[in-house]
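Each chain gets a letter, A, B and so on, in the order the sequences are listed, and its residues count up from 1. These figures come from a predicted structure and were not determined experimentally. Heavy atoms only: backbone and side chains are in, while hydrogens, waters and symmetry mates are out.
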There are 2 protein chains.
Amino acid sequence: MLEARVKQAVVLKKLLDAIKELVSDGNLDCTEEGISLQAMDNSHIALVALKLEASEFDEYRCDRNMPLGVNLASLTKILKCAKDTDVVTLKASDDADALNLIFESPKEDRVGEYEMKLMDIDQEHLGIPDTQYDATVSMSSAEFARICRDLAVLGESVKIECSKEGVTFSADGEVGKGSVLLRQNAGQDRSRVKDEDEVDEDEKLDIKPKTKREARRDPDEDDEDGQRSDVDVKPDIEGEDELQDEEEQEEGEERPKKRKAGGKKDKANKRAKKEDVEEPGVSIILERQVSLTFSLKYLTNFAKSAPLAREVTLHMSNDVPLLVQFEFEQGTLQFFLAPKIADE
Amino acid sequence: MLEARVKQAVVLKKLLDAIKELVSDGNLDCTEEGISLQAMDNSHIALVALKLEASEFDEYRCDRNMPLGVNLASLTKILKCAKDTDVVTLKASDDADALNLIFESPKEDRVGEYEMKLMDIDQEHLGIPDTQYDATVSMSSAEFARICRDLAVLGESVKIECSKEGVTFSADGEVGKGSVLLRQNAGQDRSRVKDEDEVDEDEKLDIKPKTKREARRDPDEDDEDGQRSDVDVKPDIEGEDELQDEEEQEEGEERPKKRKAGGKKDKANKRAKKEDVEEPGVSIILERQVSLTFSLKYLTNFAKSAPLAREVTLHMSNDVPLLVQFEFEQGTLQFFLAPKIADE
DNA sequence: AATCAGGATT
DNA sequence: AATCCTGATT
């Protein structure tokens with residue numbers, strides 16, 4: 001038995017818009033922790049991993065793990081029947097061959113009940129390596145989308161170079177070539193480009209990811225968050241909690257930073273209400289310079305998630321798949337893409 | 001000789017948009033009363049009946065009855081040459097083989113004169129039975145359009161069920177199934193769901209239908225309304241006037257309603273100006289529960305009239321054609337559609 | 001019918 | 001910036 005309530009249908013709509021062009025079918029894996037979906041894209045090149053946290057649902061109940069095989073095009077169609085502000089309740093009985101979706105207007109004078117047929121999908125379970133990334137770039141998701149769109153005009157690939165200077169996206173082709181340099185400008189104490197020692201410290205402390213994670217969730221869940229991001233879409237909760245505690249105990253100096261992060265959360269909330277104009281700054285955590293080339297086709301697809309989150313984080317190490325991560329109120333959406341090998 | 005002036009071309013444009021996909025050609029029947037058009041749709045399944053009231057034209061003159069056979073695609077093309085705010089004057093001489101359209105900008109600094117060739121159309125004259133409907137649902141036309149569009153994703157037919165609970169639209173197909181329940185919420189004294197006795201009372205008093213009719217026309221015309229809708233598009237003018245007078249004399253109590261109607265009209269005008277956000281509530285008058293199935297293809301076509309009127313009224317009786325009625329400032333647009341026989 | 005692009009609107 | 005509405009296109 002699954003019963004999950006989302007306050008605003010628009011979140012699910014944006015999610016589906018974000019992934020439906022990459023993945024046609026997938027299992028919504030429903031567990032006590034929440035709902036996750038993990039799938040290779042249709043051409044089996046990119047990996048999409050979505051996690052919706054149980055705690056972030058308006059109401060959540062899942063008695064036992066159940067994979068709900070959904071056709072994302074069908075789900076998109078049905079979600080189109082909801083108004084953006086509708087309250088959505090997802091329901092599935094334990095042996096269901098259908099997912100029930102209930103759309104209720106805020107005034108409760110309109111109730112839509114939809115039933116979507118489910119399918120059996122062989123879950124190729126994908127282990128995502130727990131990578132320590134050499135470079136982590138946080139930036140405005142809208143800016144990321146813009147850059148991908150812009151450079152896609154010029155060529156099929158983009159080279160992303162991350163150094164102390166900032167991050168550079170460059171592409172070239174028939175028409176000509178172009179590059180966009182983003183300097184760090186987060187307007188924070190860590191906004192300047194760090195030198196190696198400082199970087200190491202930041203990496204060790206894992207400040208930056210935490211800041212982002214904390215932006216929308218309890219600090220105590222940071223590491224669960226981290227695992228979700230870096231290890232597996234279906235992590236073991238107990239193990240994570242332990243890891244979390246360890247880290248917190250090991251590094252007492254994290255606490256002040258955590259509070260700082262808390263401050264950021266408030267700021268982010270305020271922004272969401274009245275400062276939408278203010279774009280998130282660019283911040284870079286660099287352990288090692290990276291230079292990687294990716295298919296713009298995929299990146300532009302990933303960038304379609306921009307409406308979900310103001311900020312996107314690019315995690316990169318040389319010769320390792322890129323992780324593009326969007327954290328939004330209800331969870332996390334990740335995309336993985338292997339770099340092109342040569343500068344083709 | 002016909003000469004009719006409409007203040008805003010946009011009304012005619014919306015009208016044409018509303019019916020041009022259903023009907024390709026038709027006679028504009030011009031009489032002293034106004035201009036009406038009645039036609040089966042191209043597949044001879046649905047019936048479209050339009051009436052533009054002489055009194056609602058800015059200026060109206062029609063010396064003798066004349067059917068102007070128009071190709072609606074042509075008329076649409078020509079109306080596209082008018083700006084929405086242009087004043088439109090329709091002119092036709094008695095033996096005309098063409099309709100003249102004059103588009104004048106409000107500032108009168110621009111005059112467009114167009115002439116559209118007319119055609120001879122054998123008017124298959126259609127008697128519309130004067131049905132007493134078991135259920136009458138008034139609702140936001142935009143919502144009606146939305147529901148039809150939404151359910152059209154799922155299947156070809158929609159079942160409309162009207163009960164004390166409210167009205168339910170449901171459809172199913174390959175992807176799954178869906179239903180939308182609208183509860184009564186008119187926010188009026190009659191907004192709650194009535195039980196049988198109350199329903200009977202309301203029906204007897206005919207409160208609800210009058211309310212609706214009064215929204216845009218004089219109560220005295222209620223029965224003319226019925227005739228226009230239910231009997232003939234080309235009525236004998238003299239006869240009708242007599243009927244009107246008779247009724248006025250018969251039922252003195254209608255006069256106050258006339259005044260009331262005027263007030264309501266003003267209200268509607270105000271709404272158009274400042275209350276566009278406020279959707280009309282759902283109100284249901286139910287003599288008997290109904291459950292009917294209709295082709296969504298037709299209903300979605302009918303729903304294209306939504307820009308004409310904030311509200312739509314669905315009149316239903318079991319096994320009888322549905323009447324979908326839009327009342328707008330200048331007149332009434334009605335669509336009739338027979339139900340599907342089985343639950344196919 | 002459905003998707004996409006453009007323009008208007010808030 | 002995002003949504004809505006329209007027109008165009010496949």
Side-chain angles (χ1 to χ4, degrees), chain A residues 8-22 24 71-86 139-150 152-153 268 271-280 297 300-301 303-312 326 328, chain B residues 9-10 13-18 20-22 42-43 73 76-77 79-85 140-146 148-158 171 173-175 272-279 295-308 310:
Chain A
Q8 300 252 305
V10 68
V11 177
L12 298 180
K13 291 184 176 197
K14 286 177 179 172
L15 261 175
L16 269 290
D17 283 344
I19 63 176
K20 71 169 198 284
E21 300 212 6
L22 282 164
S24 56
N71 175 278
L72 296 187
S74 300
L75 182 53
T76 303
K77 275 184 186 171
I78 289 182
L79 282 172
K80 288 231 172 90
C81 303
K83 292 184 180 171
D84 283 357
T85 54
D86 280 355
M139 60 184 289
S140 152
S141 60
E143 178 125 57
F144 176 63
R146 181 55 134 81
I147 291 170
C148 291
R149 246 188 304 126
D150 287 350
V153 175
R271 264 190 227 118
K273 284 167 204 156
K274 61 170 184 176
E275 296 177 40
D276 282 337
V277 188
E278 192 185 306
E279 291 223 324
K297 182 184 143 205
T300 49
N301 255 321
K304 286 179 183 161
S305 302
L308 276 171
R310 302 172 63 249
E311 200 170 44
V312 62
F326 297 86
F328 50 101
Chain B
V10 68
K13 289 184 177 197
K14 286 177 180 170
L15 262 174
L16 268 291
D17 283 344
K20 69 170 197 282
E21 301 212 4
L22 282 165
N42 297 329
S43 50
T76 304
K77 278 183 187 169
L79 282 171
K80 287 231 171 91
C81 303
K83 292 186 180 172
D84 284 357
T85 53
S140 152
S141 59
E143 178 120 60
F144 176 62
R146 179 58 136 75
C148 291
R149 243 190 305 127
D150 286 350
L151 295 183
V153 173
L154 298 174
E156 294 183 348
S157 303
V158 61
E174 298 288 303
V175 172
K273 283 168 204 155
K274 63 169 184 178
E275 295 177 42
D276 280 339
V277 188
E278 192 185 306
E279 290 224 327
S295 154
L296 271 168
K297 183 184 142 204
Y298 286 95
L299 293 194
T300 49
N301 255 321
F302 300 168
K304 286 178 183 163
S305 301
L308 278 170
R310 301 170 65 248

For atom [atom1] of [X] and atom [atom2] of [N], their distance in whole Å:
{"X": "D84(B)", "N": "dA8(C)", "atom1": "CG", "atom2": "C1'", "value": "13 Å"}
{"X": "R146(A)", "N": "dA2(D)", "atom1": "CZ", "atom2": "C1'", "value": "15 Å"}
{"X": "K20(A)", "N": "dA2(C)", "atom1": "NZ", "atom2": "C1'", "value": "12 Å"}
{"X": "K13(B)", "N": "dC5(D)", "atom1": "NZ", "atom2": "C1'", "value": "14 Å"}
{"X": "K80(A)", "N": "dT3(C)", "atom1": "NZ", "atom2": "C1'", "value": "9 Å"}
{"X": "L16(B)", "N": "dT6(D)", "atom1": "CG", "atom2": "C1'", "value": "17 Å"}
{"X": "E143(A)", "N": "dA1(D)", "atom1": "CD", "atom2": "P", "value": "10 Å"}
{"X": "R149(B)", "N": "dA1(C)", "atom1": "CZ", "atom2": "P", "value": "13 Å"}

_Those residues that, when tested against K304(B), pass salt bridge (charged side-chain N to carboxylate O under 4.0 Å, His left out) (two or more places apart)_ =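 Per chain and number, K304(B) pairs via salt bridge (charged side-chain N to carboxylate O under 4.0 Å, His left out) with E21(B).
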
*Could you pull out all residues at least two apart from K297(A) that satisfy salt bridge (charged side-chain N to carboxylate O under 4.0 Å, His left out)?*
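Listed in chain order: nothing, the list is empty.
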
*Can you tell me if S141(B) uses its side chain to pair, donor with acceptor, with the backbone of R310(B) under 3.5 Å?*
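Yes: the side chain of S141(B) pairs with the backbone of R310(B).
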
*asked:* Using the side chain to side chain donor-acceptor pair (under 3.5 Å) definition, which of the options Q8(A), K13(A), K14(A) pairs with D84(A)?
replied: K13(A)

